[in-house]
Colleague: 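Provided herewith is a single structure, encoded as structure tokens, for subsequent inquiry.
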Amino acid sequence: MEEKKDLQRELTEKLKKKRLRKYILALIALAIVIYAASVFKIEGRDSPLPDGQGQVVDYQQERAKATEQEKREVKAEDKKETKGEKKDQETKASEKDSKKDKDKSAKELKIDNSKDPTASNEGNRAYKPDVAEDVTVTISISCKTLSDDMGKLENKSIEEYIPKDGWILQATTYKGTTENTVFDVLNTVCRNNKVHMEFSFTPVYESNYIEGIGYLYEFDGGPLSGWMYKVNGWFPNYGCSSYYLKDGDVIEWVYTCDLGKDVGDNSMSK
């Protein structure tokens, strides 16, 4: 009888251990699944975004290629010695500048909706072609107004993030379509260049508002400081989600410490 009880006790202990092992294995499997999901989420958040034409650009590689190309061009220039060649270069440069000026003419590229009360929401949507067209634009990000006078910086904790030359991102090419906006360009280029950027959607203006770039936020440079953008030298009076691209657009994000006056926008003072 005692032997039977001992056997039952032994079987019970074995069953308990078996169940315990099963629970432990289940917990380990669950932990692995949670870990894998978190890693996938992090990689997804940090992975590069395709541009407006569906291509993921390695910007570091592009810059290296551009640098190498510039070196080759400099060497080629050095080899040209005759006056005829120099004259030919000057003629070509003049034609190129002329074409550039024409491409950036105010009538063709600037759309001033300052007197249009609906501009804050619609932007330049009305100028979009019915069928999307490929475009190539450039974008740069500068906080030179602050880097030139660090005394304006009120948030001293971010001083190390302010580049000495003021360039958070030098002129970078983006390929997209007329369906893309200035916000699309900024979002993609910042992410793919590992430049910090934070924004929030503003329902009143139906646009994304840029709060901070490169860890530099609005009001860090004083009560009138923040991020602004201009296209072809003009500051649109509506959000970056409402400016649709045109081929050749030159987009500049600039940090102002004086409500735009220190970066060339005097519209607020009119």
Colleague: Are any side-chain N or O atoms of W167 and backbone N or O atoms of S140, one a donor and one an acceptor, separated by less than 3.5 Å?
Modeller: no

Colleague: Enumerate the salt bridge (Lys or Arg N to Asp or Glu O under 4.0 Å) contacts for residues 155-169, please, sequence neighbours excluded, ordered by first and then second residue.
Modeller: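 Residue pairs passing salt bridge (Lys or Arg N to Asp or Glu O under 4.0 Å), neighbours aside: none found.
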
Colleague: Applying side-chain contact (heavy atoms from CB on, under 4.5 Å) to Y161 and I168, what does each step give before you reach the verdict?
Modeller: CA-CA 9 Å; Y161 296 109; I168 292 175; over 6 Å; no

Colleague: Using the test side chain to side chain donor-acceptor pair (under 3.5 Å), find all partners of N187 that sit at least two apart in sequence or belong to another chain.
Modeller: none

Colleague: How about T173 and T136: do any of their side-chain heavy atoms sit closer than 4.5 Å?
Modeller: yes

Colleague: Do D249 and Y243 have side-chain heavy atoms sitting under 4.5 Å apart?
Modeller: yes

Colleague: Between P50 and G54, what is the shortest heavy-atom contact and its length?
Modeller: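 Nearest heavy atoms, P50 then G54: CB-C, 3.8 Å.
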
Colleague: Side chains of I141 and C190: does their closest heavy-atom pair fall under 4.5 Å?
Modeller: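 Of all side-chain heavy-atom pairs linking C190 with I141, at least one is under 4.5 Å.
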
Colleague: With the side chain counted from C-beta on, respond yes when Y127 and T178 share a heavy-atom pair under 4.5 Å apart, and no when they do not.
Modeller: no

Colleague: Share the residues that join V131 in a hydrophobic cluster, the rule being Ile, Leu, Val, Met, Phe, Trp or Tyr side chains under 4.5 Å apart at the heavy-atom level.
Modeller: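 Reading the cluster by chain and number, V131 sits alone, since nothing else belongs.
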
Colleague: Would you please name every residue forming a side chain to side chain donor-acceptor pair (under 3.5 Å) with D262, sequence neighbours left out?
Modeller: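 Testing D262 for side chain to side chain donor-acceptor pair (under 3.5 Å), a comparison that skips the adjacent residues, returns T256.
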
Colleague: Less than 4.5 Å apart, any side-chain heavy atom of I210 and any of C240?
Modeller: yes

Colleague: Just wondering, do P163 and C143 contact through their side chains at under 4.5 Å, heavy atoms?
Modeller: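 In contact.
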
Colleague: Going by the rule salt bridge (Lys or Arg N to Asp or Glu O under 4.0 Å), which residues pair with E179 if we only count those two or more places apart in sequence or in a different chain?
Modeller: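 With sequence neighbours excluded, E179 shows a salt bridge (Lys or Arg N to Asp or Glu O under 4.0 Å) to K128, given in chain and number order.
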
Colleague: If we ignore hydrogens and angles and just use 3.5 Å, is the side chain of S241 paired with the main-chain N or O of N208 as donor and acceptor?
Modeller: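 Looks like yes, one N/O pair under 3.5 Å.
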
Colleague: With sequence neighbours left out, what residues match N180 under side-chain contact (heavy atoms from CB on, under 4.5 Å)?
Modeller: Y174, T177, D184, L245

Colleague: Membership question, hydrophobic clusters at under 4.5 Å side-chain separation (ILVMFWY): are V185 and F201 in the same one?
Modeller: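 Shared cluster, no.
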
Colleague: Same cluster for Y244 and V135 if Ile/Leu/Val/Met/Phe/Trp/Tyr side chains link at under 4.5 Å?
Modeller: no

Colleague: Could I get the full list of side-chain contact (heavy atoms from CB on, under 4.5 Å) partners for L27, not counting sequence neighbours?
Modeller: none

Colleague: Run the side-chain contact (heavy atoms from CB on, under 4.5 Å) test against P223 and tell me which residues pass, sequence neighbours left out.
Modeller: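 For P223, the residues satisfying side-chain contact (heavy atoms from CB on, under 4.5 Å) (neighbours in sequence not counted) are E154.
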
Colleague: Mind checking whether L186 and I213 have side chains closer than 4.5 Å, heavy atoms only?
Modeller: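 Side-chain contact under 4.5 Å: yes.
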
Colleague: Does N232 reach the main-chain N or O of V250 with its side chain, forming a donor-acceptor pair under 3.5 Å?
Modeller: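 The answer is yes, because a donor-acceptor pair under 3.5 Å joins these two groups.
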
Colleague: Distance-only, no hydrogens or angles: does the T145 side chain make a donor-acceptor pair with backbone N or O of Y255 under 3.5 Å?
Modeller: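 Here the side-chain-to-backbone pair exists.
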
Colleague: Hydrophobic side-chain clustering at under 4.5 Å (ILVMFWY, transitive links): who's grouped with M228? Put none if nobody.
Modeller: F235, V254, V263

Colleague: Sequence neighbours left out, what pairs pass side-chain hydrogen bond (donor to acceptor under 3.5 Å, both in side chains) with at least one residue falling in residues 209-222?
Modeller: N155-D220, H196-Y217, E198-Y217, S200-E211, Y209-E218

Colleague: Quick one: hydrophobic cluster around F219, which other residues, with the 4.5 Å side-chain cut-off, linked directly or via members?
Modeller: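 Cluster partners of F219: none, it stands alone.
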
Colleague: CH2/W253 to CE/M197 distance, rounded to the nearest 0.5 angstrom?
Modeller: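 Rounded to the nearest 0.5 Å, the CH2-CE separation comes to 8.0 Å.
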
Colleague: Do F183 and I139 belong together in a cluster built from hydrophobic side chains that touch within less than 4.5 Å?
Modeller: yes

Colleague: I'd like to check the salt bridge (Lys or Arg N to Asp or Glu O under 4.0 Å) partners of D148; sequence neighbours left out, ordered by chain and number.
Modeller: K144

